[in-house]
Amino acid sequence: AFRPLGTQKVAYTGTAGVITNAVRSGLKVVRVWCTTPAFIAVGVNPTATVNDMPIAASVPEYINIEGGEKVSAIQQTDDAGGNLYVTEVV
């Protein structure tokens with residue numbers, strides 16, 4: 001089981017949204033949850049595109065990440081914009 005440390009929220013549409021703050025140093029995993037189908041990207045300065053990892057709406061994904069990185073999301077082509085929630089977990 002994971003323990004949540006904090007959550008960031010950002011909106012996305014046909015334009016990618018990126019969380020404001022990079023994840024803390026030493027972190028290895030985040031929980032990602034989107035309110036609509038989306039594509040996500042992870043990196044120091046990510047901008048999600050339709051070529052990135054697709055995720056379903058309302059289904060949490062646990063992904064590996066490094067301290068100092070961020071997560072970005074963009075809506076899937078035929079779907080509406082939504083919100084990306086990124087929770088740091090240990």
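FYI, the numbering just counts along the sequence from 1.
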Is there a donor-acceptor pair under 3.5 Å between the side chain of K70 and the backbone N or O of N21? no

Shortest non-hydrogen contact from V50 toward F39: O-CE2, 3.5 Å

For E69 and V44, the nearest pair of non-hydrogen atoms, with its separation, is CG-N, 4.1 Å

Linking I/L/V/M/F/W/Y whenever their side-chain heavy atoms sit closer than 4.5 Å, directly or via other members, would Y62 and V86 fall into one cluster? no

Closest non-hydrogen atom pair, V10 against I19: CG1-N, 4.0 Å

Applying salt bridge (charged side-chain N to carboxylate O under 4.0 Å, His left out) as the test, list every pair that has at least one member in residues 9-35; sequence neighbours left out. R24-E88, K28-E66

Passing candidate, side-chain contact (heavy atoms from CB on, under 4.5 Å) with V30, options V23, V42, V89: V23

Between S72 and A48, is there a donor-acceptor pair closer than 3.5 Å when you use the side chain of the first and the backbone of the second? yes

For a side chain to side chain contact (heavy atoms under 4.5 Å, CB included) check, start with the C-alpha distance between L5 and L27, then their side-chain angles and the critical distance, and finish with the verdict. CA-CA 10 Å; L5 298 177; L27 197 72; 4.3 Å; yes

Show the nearest heavy-atom pair for residues L84 and Y12, with the distance to one decimal. N-CE2, 3.5 Å

Please report the closest heavy-atom contact between P46 and A41, naming both atoms and the distance. CB-O, 3.9 Å

Would you say I65 and V90 are hydrophobically clustered, going by side-chain heavy atoms of ILVMFWY under 4.5 Å? yes

Backbone of G67 reached by a side-chain donor or acceptor of S25 within 3.5 Å: no

According to the side chain to side chain donor-acceptor pair (under 3.5 Å) rule, which pairs have a member within residues 73-87, sequence neighbours left out? T7-T87

Chi angles and distances behind the side chain to side chain contact (heavy atoms under 4.5 Å, CB included) call for N64, V29: CA-CA 5 Å; N64 291 332; V29 178; 4.0 Å; yes

The complete set of salt bridge (charged side-chain N to carboxylate O under 4.0 Å, His left out) pairs with one or both residues in residues 40-53, sequence neighbours excluded, reads none

So, for C34 and I40, which heavy atoms are closest and what is the spacing to 0.1 Å? SG-CG2, 4.4 Å

